[in-house]
Structures are given as C-alpha cells and as structure tokens.
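Just so we're on the same page: letters track the sequence lines, and every chain starts at 1.
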Amino acid sequence: MDTFYITTPLYYVNARPHLGHTYTTVVADCVSRYKRMQGCDVCFLTGTDEHGQNIERAAAAQGVAPEVMADRNAGAYRKLWARFGVEYDRFIRTTSKSHYAAAAEVFQRAFDNGFIYKGEYSGWYCIPCNLFAPEAESAPDCDVCQRSTERVTEESYFFKLSVFQARLLELYEKHPEFINPPSRRNEVIRFVSDGLKDLSVSRTSVKWGIPVPVADDHVIYVWFDALVGYLSGIGFGNGKEQDQFRKYWPAQVQLVGKDIIRFHTVYWPAFLLAAGLPLPERVHAHGWWLKDEAKMSKSRGNVINPHLLLNHFGSDAVRYFLLREIPFGADGNFSYQAMIQRTNSDLANDLGNLVSRTLALISRNFDDTVPSPSAPLTSLEDELKKHALSTVEAFQDHMDRLAFSRALEAVWELLSRTNKYINVCAPWTMAGDEAQRPRLATILHTCAEVVRIVTVLLAPVLPASCAKVWNQLGQQEALSHQRLDRLQWSRELSGNMLGEIRAVFPRLDKKALLDSLFGAGSGGQKKSADSRDRKKTPAVRKEAPQAPGSTKSSARSSAGADTITIEDFVKVDLRVGQVVEAEKVKGADRLLRLTVDLGRETRQIVAGIAQAYPVEKLVGRKIIVVANLQPRKLRGLESNGMLLAASVGEEDRPVLATFLEEVPNGARLK
RNA sequence: GGCGGGGUAGCUCAGUGGUUAGAGCGAAGGUCUCAUAAUCCUUAGGUCGGGGGUUCGAGUCCCCCCCCCGCUACCA
C-alpha cells in the first residue's frame, strides 16, 4: 500500500490561530482524506512550534512561564481543528520529550558530518522573526517584518549553508516539482543563485529551547528545531517508533504559507542533506487570504476570526469556500458576501437542492425505497453516466495537482447537468401512471446514482455534510471507507431504504446574516463590495497606513484626474535641513551617508547622490527633506528620510533643491 | 533599477494565430412546480491596459509605453 505523508507548518504559539492557519490545515485535511479514500496509508501531521526568544518574551510579558503560554495556545489550535473536523494523525509539539531527542540527533549528525562549526556571531537580530539582518552600522529593520532589530553578540554554532548552493540548485533543477507553484520556485532559485551565507544555528542568549548536544549552554536555533518536528512527529529519534519514521519519511507534500517558503526550500533541505536524510518530495506554498484587498493584521483590524465563521456558516461551508474560491497558491480576497454567495448558490441551490428533489421524488413515488432502473437506458442516461465517470477522473486529476478549485468546478458541472436532466425528464409528470413506472424508476435511480457518486467525491471536502447525505441514501458502509479510485456507476443503491430526509445545505438569509455580523443597517457588505473597484482605484499600497475604508475615499477623490487633495499633500512632512556631516558609504558607488540637522533633531539620511556631489560641497548646505518617510536601510545603513532633488538628463543626475534666502533648520514647507 | 507573473463582460477567471471572444457568479425577463422563493431557458453590446508592427488574418507573435502583484536592489 502506498504511504502518503503530508504536513502543515508547526504553528508558532505566540498567537492564536487565524484564518491563514485554518486554510493550510483545512487543505491538508482535505488532501489526507482524499488520499485515504484512494486507499493510501496516510499520515497527516500538524502541530505547534513552541520555543524561542519570541515566546520567552511574550510569556514574560503576560507574567507566565513559557510552558503555560505554549499549553494555552497549543490547546487553542487543537480546539479549532476539532471544530473544523480536521482529522490529523499526529500533533507534534516541539516541547515534547521525543522531539528534544530528535532535534538533538539531527544537530549531532550534521555536526558529525562536518556541517556545523563553532564561531562567534555579532549581528542585528529580529526577535519576532528569529532572523539575523545583514550587517550594518546602526540597527536596521528586519527584512521580513520591517520591525526594528536588536544587537546580539554571542558565541554561536554555524551551519555551513554556503556549501549547499550547488546541491540545492541541482535539486531544483532535477526536481522541478520540489517547489510549487513555479513562480515561487523561480524566486528561490534566484535567491540561492545569489549565494548563501552560513547560518547561525544556536543561541546562548535564549534559554527557552533545546540544548545543543555538543554544548549545553547553547540552545538550538528555533527554525532548526521546528523543522525537525516534521521528522520527530513521526518517530525519528524515538527508538520505539523508528519503523513509523522509516515508513512515512520522506513526506509527499509539505504545505506552507508563501512567507516561509525559504525556510522550507533552502534551509530545510540543506539541514536534511547535512544529516544524511532523504528530502521531501514536494513543498507547496499557498497565498494569503486578504480582507478588503489588504493583508489581515491586528493593527488593521481586519482579521477574520475562524470561530465566528464557524458559528455562522458551519465547518463544511467554510471548508468549501476556502478550497473553491481561489486557485491554490494565489492570494484570495475574503468577504462575507462572497462566502454567503458561494454557500447559497453552490451548496444550497445546486448541490443541496439536487439531493432534496431526488430524495423527495423517490420517497413519494417508491415509498422511500431506491428503485432499480427497470426501463432501458436512453441516450440521456448514457450521457449523464458517461459524464459522471469522466468527472470522477477529472476530479482526481485536479486533486492530485492540488488544484482544488478546479476539482470542485468539475463536480459542479456534473451537478448542473444532472439538474438539467431532471428538468428534461420531468419525472413528476409520470407519478401515478403505471405505464411510465419503469421509466420513472430509471430516471430516479439515475439521479440517486449521481448523488451517490458526488457524495463520495465531495467527502474529503465536506465530510460532515456528505456523511449525512450518505445516510439519507440509505447506505450502510461508512462513507470514509469508500474508494475514490474504484468509484463506478453501479446499482448498489437499488433497494436501499432512505434515511430521514432533511436539508443538509440550508440556504442562508443574506441580509439577516450580514446584519448579525455587522449590526443591523451597517454597511458591512459595502466594504467587500469595493473589490468591484479594484482595477479602477489605485490599489492600496502596503505602506499606506490607513484604516480599511479610508483608502477608498481618498482613492475616489483622486479618481479621474492625476491630482491629489490638500489632505493628501499635508501628509508629507517636508522640512528644511542642513547637512552636518557627509561621507561615502563603503562599497557603494552612489550612496552618501549624511547627518542632517532638522532643527529639533539630527537624522541620518542615506542618499544616492555621491556621483553628483562631492562630500565637501555638501557640508553646511541647506536641503529639503521628507521627514516622515518610513525609515529604511540602504546598504545596511538606516536612512531616516529622503532629500529632494531634481532629476536631470538621460542619466537622471540629481540636482539638490535649495533656498536662495536664509531659512532656519526644521522649518516646514507647505 | 533588475528578474518573474499579470492586465479579457459588474465580479472571479478560461481562451493551440483563423468563422459573429467564452464559462461561472451577480443582474433582468421567462418557464416549470419534484425541490431549500430552489431548477431550467433567454438576455451581457466587453476600445481583449494603450500605441505601433508582422500576417490574408492577432486577445493569441514582435517592439515601445502605462498600470498591478511577487522576489530583489547602491531609489531622487
């Protein structure tokens, strides 16, 4: 029997689960149910990543031990997965004893193989991301999250990532399927091609972690620790379960969000190679769910609470929406409107209603017993049957490629044809006519058979609802034991006594639901409706720090003309500054590091004007500075603002803006 | 700035150079009445981002430009 090992990331327990976690986990659950129904021996692992300075600090801030916080949030994940009907086989916590042993062993193996050495590290470290930033003279912002970094100096063990460049590139080349979707693959290839630096894989400044086996005053780098969870979760490093590990590793699919693709396609395979372990077959990065076209975040206040969704829609409708709404891999926009729309039109109207009308007709005409097809099949039945079988094929083709939305589209095409079939045949006109009874039996059996096939296909996506339909069809054997890969047109329903018929996919009252979600009379749905203007309005830039909704009005006000309002303009804080110091930035042709006196404060600004202005011509000079620009680092140096210059000629030579009269430093321009 | 991916009906998207550019959803009208005010049928007048070019013929190939997204960078 084929084995199939699929993983979600181990979620970091510094926060409660959100829609993004839910998405990955639901996808993994759907795939594992699907593979089980193909007869595979499936292992589905999820879990929590519980170490690191970030947890240490968050726990301290709440006045609790890290263990307490980890327990609390790990519990929150498990509860949510239970509510979503997620059936994982393993839930690994990186604080578990067996994981400690595994992490230490992988580290030891890499060490023994000469891929880990002792050195000293001094650098700028982003605690939330657990990442070092490139070297710089003053604290740069984190590449990943833009938050500020802190100086950390410590003895450290380094992983020789640099020696894996060629092997990784060869891996991507020989196994194009290793990184999905292909656009991510290209990004990773470029990143690796640009060269890899050795990676610090231990910390002495952190206590909350797994001791390094060769030096117990060090703790293993939290990403190294967490990634090993994919191995420890199935028994690696645990004598009793070695056979489980050998059975399931390497994984067939590792699902990740696009933000952690690098850890999983660069560091992770390198760690495995260093430890002499096989590599996973496929890492698949998916996109983010956006709300109102913006990334969900607490600060924006546009986070979707999965529990709220469950309360209003139920687990299957949410599962369906997540899998159907967007192609797997792309970002998607979440809106309650779309959620309601999908639920009503797809689940209630197309699927639920087909089930209802089929069962009701059988119940009424054949006394709750599924009839046998007693009249010869016509071309109508032949076509429908043929289409049903090709749908079974198409569904699996798409599912195997993780193209969930396509797989579901194929099923809905079949549902649509079946609804047409009933209308054309109009079985209700035959009721009570003995002569037409065999024909009626055939029609209703055909409909029921399509319902049976569809129910089996959709079981991985809509497990709870399909189980209900299955019972209503009078089926005895468990739905989850059905084999998708052996799904045939059959007569197995004939003679079945129907179960109690109840609507499985109820229609939602859109207005009432939106009112209860947003409060009566609110414009809750207006927000989601602005996706309509997506192409016409300037997109919300991620650095635009406005609340959702306000972007709309400002965008509108400028629509139709290349003008901005005075309100837009006053957002820009222009100040008179005076250059106090200027020096060339090492290793950069065009950059100068300037110290600028802005009256109340002195700032460091990095500007690309070295080729136009020698240092000595700048000191003492008055310039105009954009004072409230987001800080950013250039060549490792933080630049706090931007100076204004005209861009002249083909080569865009900068010419500084200045004043002809005396102006005090710090004066505002308006 | 570099590299990559995109810009097609109100929305989400399909569209191997070739007849009047398609689907689903939404909207409008109609039909049926078995069914969850569901089904089914009809209706979309879209400069296929803009401009050149190749071709008998281009959404589909080439060039230029604009805009969006991602990665990346020595960004006025």
Side-chain angles (χ1 to χ4, degrees), chain A residues 143 181-191 193-194 258 261-262 285 287 293 324-327 330-333 335 337-338 341-342 344-365 405-406 409 412-413 415-416 418-431 440 443-444 447 501-508 528-536 538-542 584-592 606-612 624 626 629 632 634-637 639 642-648 652-657:
Chain A
D143 282 336
S183 54
R184 298 290 157 203
R185 176 169 174 265
N186 293 337
E187 287 174 13
V188 172
I189 288 175
R190 251 174 53 81
F191 175 76
S193 302
D194 287 348
K258 66 182 184 182
I261 187 79
R262 196 175 291 170
E293 313 293 334
R324 171 61 230 265
E325 187 67 5
I326 53 168
D331 287 349
N333 197 44
S335 82
Q337 278 233 326
Q341 205 75 261
R342 280 276 171 222
N344 280 347
S345 95
D346 293 6
L347 295 182
N349 296 356
D350 295 340
L351 173 59
N353 186 50
L354 174 64
V355 174
S356 287
R357 64 200 306 210
T358 300
L359 297 183
L361 284 163
I362 291 173
S363 172
R364 177 169 314 186
N365 292 289
S405 57
R406 294 277 189 211
E409 276 174 40
W412 258 259
E413 170 66 22
L415 291 173
S416 170
T418 309
N419 273 319
K420 283 192 212 334
Y421 168 79
I422 300 189
N423 277 47
V424 169
C425 295
W428 47 90
T429 61
M430 302 173 185
L440 178 61
I443 293 166
L444 296 185
C447 294
I501 302 172
R502 298 181 65 176
V504 174
F505 302 100
R507 213 180 143 73
L508 303 172
S528 16
D530 28 332
S531 56
R532 177 178 310 162
D533 300 315
R534 192 176 179 179
K535 285 178 189 153
K536 285 170 187 157
V540 182
R541 291 176 181 278
K542 64 182 164 193
K584 293 206 65 169
V585 174
K586 269 178 275 175
D589 302 330
R590 295 162 58 188
L591 289 186
L592 287 182
V606 180
I609 55 171
Q611 289 172 335
I624 301 172
V626 181
L629 196 67
R632 101 164 265 190
L634 295 169
R635 201 70 187 180
L637 295 172
S639 181
M642 184 173 97
L643 50 80
L644 293 190
S647 181
V648 177
D652 285 334
R653 178 170 57 88
V655 177
L656 285 173

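- One atom, CG of A:Asp194, and another, P of B:A73, lie 8 Å apart when rounded to the nearest Å.
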So which protein N/O to nucleotides 1-3 of chain B N/O distances come out below 3.5 Å?
from	atom 1	to	atom 2	distance (Å)
B:G2	N2	A:Arg190	NH2	2.7

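- For A:Arg507, there are no salt bridge (charged side-chain N to carboxylate O under 4.0 Å, His left out) partners two or more places apart in sequence or in a different chain.
- If A:Asp346 and A:Lys258 are placed on RNA chain B by their nearest nucleotide, the residue sitting closer to the 5' end is A:Asp346.
- As judged by a 4.0 angstrom heavy-atom cut-off over every strand, A:Leu359 is placed among residues making no nucleic acid contact.
- Note: NZ (A:Lys420) to P (B:C40) measures 5 Å, nearest angstrom.
- For A:Glu413, the salt bridge (charged side-chain N to carboxylate O under 4.0 Å, His left out) partners at least two apart in sequence or on another chain are A:Arg417.
- By the 4.5 Å heavy-atom criterion applied to side chains, A:Val504 and A:Val355 are not counted as neighbours.
- Shown here are the side-chain hydrogen bond (donor to acceptor under 3.5 Å, both in side chains) partners of A:Gln341, two or more places apart in sequence or in another chain: there are none.
- The nucleotide whose nearest atom lies closest to any side-chain atom of A:Arg590 is, among B:G4, B:C41, B:C74, B:C74.
- Taking atom P on both B:G7 and B:G59, the two are 15 Å apart, rounded to the nearest angstrom.
- Pairing for B:A27 is with B:U43, a Watson-Crick or G-U wobble pair whose two hydrogen-bonding atom distances lie under 3.5 Å.
- To the nearest angstrom, P of B:G5 lies 13 Å from CZ of A:Arg184.
- Take A:Trp428 and apply the ring pair (Phe, Tyr, Trp, His ring centres under 6.0 Å) test, not counting sequence neighbours, and it matches no residue.
- Across all strands, A:Ala607 comes closer than 4.0 Å only to sugar-phosphate atoms, never to a base (heavy-atom distances).
- Among the atoms of the strands shown, none is found under 4.0 Å from any heavy atom of A:Ser639.
- Using a 4.0 Å heavy-atom distance criterion, A:Arg342 is classed as making no nucleic acid contact.
- The side chain of A:Ser416 contributes an N or O atom lying less than 4.0 Å from OP1 or OP2 of B:C40.
- Using Watson-Crick or G-U wobble geometry with both donor-acceptor distances under 3.5 Å, B:C3 finds its partner in B:G70.
- Distance check on atom C1': B:U16 versus B:A58 gives 14 Å, rounded to whole Å.
- Of the candidates A:Ile443, A:Leu444, A:Leu354, A:Ile422 forms a side chain to side chain contact (heavy atoms under 4.5 Å, CB included) with just one, namely A:Leu354.
- Using a 4.0 Å cut-off between charged side-chain N and carboxylate O, A:Glu187 and A:Arg184 make a salt bridge.
- The backbone N or O of A:Leu508 lies less than 3.5 Å from a partner atom in the side chain of A:Asn344, making a donor-acceptor pair.
- The nucleotide whose nearest atom lies closest to any side-chain atom of A:Arg262 is, among B:G26, B:U72, B:G70, B:U72.
- As rounded to the nearest Å, B:G10 and B:A27 have C1' atoms that lie 9 Å from one another.
- Under the side-chain hydrogen bond (donor to acceptor under 3.5 Å, both in side chains) criterion, A:Ser405 pairs with no residue, sequence neighbours left out.
- Regarding A:Phe191, its CZ atom lies at a distance of 14 Å from the C1' atom of B:A73, rounded to whole Å.
- Distance noted for atom P between B:C62 and B:G46: 29 Å (whole Å).
- The C1' atoms of B:G30 and B:G22 are separated by 24 Å, rounded to the nearest whole Å.
- For the pair A:Trp412 CH2 and B:C40 P, the interatomic distance rounds to 14 Å; values are reported in whole Å.
- In this structure, CG of A:Asn186 is placed 11 Å from P of B:G6, rounded to the nearest angstrom.
- Atom CZ in A:Arg324 sits about 14 Å away from atom P in B:U12, given to the nearest Å.
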- line: Reading nucleotides 32-37 of chain B from 5' to 3' and marking B where a protein heavy atom lies under 4.0 Å of the base, S where only the sugar-phosphate is that close, and - otherwise, the string is SSBBB-
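- Straight-line distance between the P atoms of B:U43 and B:C56: roughly 36 Å, to the nearest whole Å.
- For A:Arg185, the salt bridge (charged side-chain N to carboxylate O under 4.0 Å, His left out) criterion is met by no residue, not counting sequence neighbours.
- A distance of about 49 Å separates the C1' atoms of B:C40 and B:G53, rounded to the whole Å.
- Among the atoms of the strands shown, none is found under 4.0 Å from any heavy atom of A:Arg502.
- In this entry B:A21 has no Watson-Crick or G-U wobble partner, no candidate having both defining distances under 3.5 Å.
- Nucleotides B:C63 and B:A23 have their C1' atoms positioned 33 Å apart, rounded to a whole Å.
- Between the CD atom of A:Glu325 and the P atom of B:C11 there is a distance of 15 Å, given to the nearest Å.
- Side chain of A:Ser356 to main chain of A:Gly352: a donor-acceptor pair is present (N/O by atom type, distance under 3.5 Å, no hydrogens or angles).
- The partner of B:A35 cannot be assigned: no Watson-Crick or G-U wobble pair with both contacts below 3.5 Å exists in any strand.
- For A:Asn423, the side-chain hydrogen bond (donor to acceptor under 3.5 Å, both in side chains) criterion is met by A:Arg357, not counting sequence neighbours.
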